[in-house]
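Everything on this sheet refers to the single structure shown next.
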Amino acid sequence: MADLTTTYMHLELKNPLIVSSSGLTDNLESIKKFEDAGAAAVVMKSIFEEQIESAVDNLFTQSANMHTEMHDYLNRYGHEEHLRAYLDEILKIKKNTSIPIIGSINCASIGSWAKFVQKLEATGIDGLELNVYVVPNDPNSSSAEIEQIYIDIFNEVKETASIPIALKLPPYITTPIRFVQKLADAGVQTFVLYNRRVPFDIDIEKQQVAVKNVISSPTEMSFSLRTIAMLAGQYECDLAAGTGIHDTEAIIKHLLAGADVVQLCSVLYKNGIDHISKLLDELNQWLDNHSIQSVSDIRGKLSYKNSSNPAAYERVQYMKVFSGIK
Ligand SMILES: Cc1cc2nc3c(=O)[nH]c(=O)nc-3n(C[C@H](O)[C@H](O)[C@H](O)COP(=O)(O)O)c2cc1C
């Protein structure tokens, strides 16, 4: 059997398949099943900035006339109360599993949540993923200002954290290569590409805003495939591919493009936790069929950096399809 071992976020992984953050990763029972099915690591369900902060805000509203000392107490208690269940679950998970567990925070701004990174770290988690989700709906905010939010959040967390930090980015960036370069200059060493924007929809009967298709489709994987191929080997950083990876073929494509690991979510919602063992078997089978000894032998083989003609990389494909040039 081929060697699937992979280094990611300074962690030694037995293979490149990681379970991404979702409702499937918020409890010991299912994480244990993922471990048994062969997952190399799991990213915990995110705790949301708003969940932490609103716990405090609610208490403040209820206690508007209280003494300042009481406010201080509630401030502390509110935070701790809300996080306790999350932290306790991680402690349980860490005690009962042996694969790396990566914590996750969903945030859109720097807030008091940043202080809790130390508490998360104290649970023994092996890394932290920052799922930064900024909705660009303010006409006064430029792209540069929005990009700066990502850098500021990372810097704030880096100040207190000593575990490896990954940044999960949105798919709609005009020049991902430039943005990643800026983030790498700021010290980001791990990128998760991409976080999926949940499709925006409108319910015409209720006449209200809704979401649709929470589960991704396989056609979405070209977003991450392209960016991973462009970035692989260009910076000293680890790359995790995510969104639309629904089968072994997509996993292999991302490895060829240069991903260190792939993150899986929708495919596991659709096919169940055990499906990860099938994907691993198929990956092993493909490597054997092609007499490839190790995943590192194919990683990045088709990246932009390893292309014999980088200037024409991808543009040639575009011309072939749309210009009639063969
Ligand atoms: C039901 C559901 C819940 C999710 N919750 C989170 C979350 O808490 N934090 C996060 O970073 N991503 C979350 N995601 C996004 C996934 O981690 C993943 O990035 C996204 O679904 C794209 O990957 P996929 O195409 O394999 O599903 C969630 C996805 C789903 C479907």
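One-based numbering, in listed order, for ligands and for the atoms of each. When reading the values below, keep in mind they use all heavy atoms of this one structure, side chains included, and skip hydrogens, waters and symmetry mates. Just so it is clear, the structure is predicted and the values come from calculations on it, not from any experiment.
- For Lys278, the NZ atom counts as loosely surrounded, since its 6.0 Å shell holds 12 or fewer non-hydrogen atoms of other residues, nucleotides or ligands.
- Contact annotation: for Glu220 versus ligand 1, there are no heavy atoms closer than 4.0 Å.
- Both Val262 and Leu167 are assigned to one and the same hydrophobic cluster, defined by single-linkage of ILVMFWY side chains at heavy-atom distances under 4.5 Å.
- Heavy-atom proximity to Ser216, at under 4.0 Å, picks out these atoms of ligand 1: 24 (P), 25 (O), 27 (O).
- Inclusion of His246 in the set of residues having an N or O under 3.5 Å from an N or O of ligand 1 is not warranted.
- Heavy-atom proximity to Gly244, at under 4.0 Å, picks out these atoms of ligand 1: 24 (P), 25 (O).
- Looking only at protein heavy atoms, the nearest one to atom 22 (C) of ligand 1 is Thr243 OG1, 3.3 Å.
- Within 6.0 Å of atom CD in Gln208, more than 12 heavy atoms from other residues, nucleotides or ligands are found, so the atom counts as buried in its surroundings.
- The ligand atoms of ligand 1 that sit less than 4.0 angstrom from a heavy atom of Lys168 are 10 (C), 11 (O), 12 (N), 15 (C), 16 (C), 17 (O), 18 (C), 19 (O).
- Around CD of Glu145, the count of heavy atoms belonging to other residues, nucleotides or ligands within 6.0 Å exceeds 12.
- Not one N or O of Arg196 is nearer than 3.5 Å to an N or O of ligand 1, by distance alone.
- Given atom 27 (O) of ligand 1, the protein heavy atom at minimum distance is Ser266 OG, 2.5 Å.
- With hydrogens left out, the protein atom closest to atom 28 (C) of ligand 1 is Ser21 O, 3.5 Å, a heavy atom.
- Polar contact check, Ser104 against ligand 1: no nitrogen or oxygen pair lies under 3.5 Å apart.
- At a 4.0 Å cut-off, not a single heavy atom of Val267 sits close enough to ligand 1 to count as contact.
- Under the 6.0 Å cut-off for aromatic ring centres, Tyr194 and Tyr172 do not qualify, their centroids lying 6.0 Å or more apart.
- Of the protein's heavy atoms, Cys265 SG, 3.8 Å lies nearest to atom 29 (C) of ligand 1.
- The shortest N or O to N or O distance between Ile245 and ligand 1 is not under 3.5 Å.
- The shortest separation from a heavy atom of Val214 to ligand 1 is under 4.0 Å, placing the residue in contact.
- In summary, the side chains of Glu129 and Ser21 do not present any donor paired with an acceptor at a separation below 3.5 Å, with no hydrogens or angles considered.
- Ranking protein heavy atoms by distance to atom 1 (C) of ligand 1, first place goes to Tyr269 OH, 3.3 Å.
- For Phe191 and Tyr235, the gap between ring centers reaches or exceeds 6.0 Å.
- Judged by distance alone, the side chains of Lys270 and His275 never bring a donor and an acceptor atom under 3.5 Å apart.
- Contacts between Asn131 and ligand 1 below 4.0 angstrom, taking non-hydrogen atoms only, involve the side chain exclusively.
- The protein atom (non-hydrogen) at minimum distance from atom 9 (N) of ligand 1 is Ser46 OG, 2.6 Å.
- With hydrogens and angles left out, the side-chain atoms of Tyr8 and Thr190 include no donor and acceptor closer than 3.5 Å.
- The shortest N or O to N or O distance between Phe48 and ligand 1 is not below 3.5 Å.
- In summary, the side chains of Gln293 and Asp297 do not present any donor paired with an acceptor at a separation below 3.5 Å, with no hydrogens or angles considered.
- Residue contacts with ligand 1: Lys45 is placed with a nitrogen or oxygen under 3.5 Å of a nitrogen or oxygen of the ligand (distance criterion only).
- The nearest heavy-atom contact from the protein to atom 4 (C) of ligand 1 is Ser22 CA, 3.6 Å.
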Using atom types as modelled, flag every donor-acceptor pair under 3.5 Å from a side chain in residues 87-96 to any protein atom, sequence neighbours excluded.
unit_1 : atom_1 : unit_2 : atom_2 : d
Glu89  : OE1    : Lys92  : NZ     : 3.4
Glu89  : OE2    : Leu28  : N      : 2.9
Lys94  : NZ     : Asp126 : OD2    : 2.8
Asn96  : ND2    : Lys92  : O      : 2.7

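- Judged by a 6.0 Å distance limit and a 45° cone about the ring axis, Arg197 is positioned over the six-membered ring of Tyr133.
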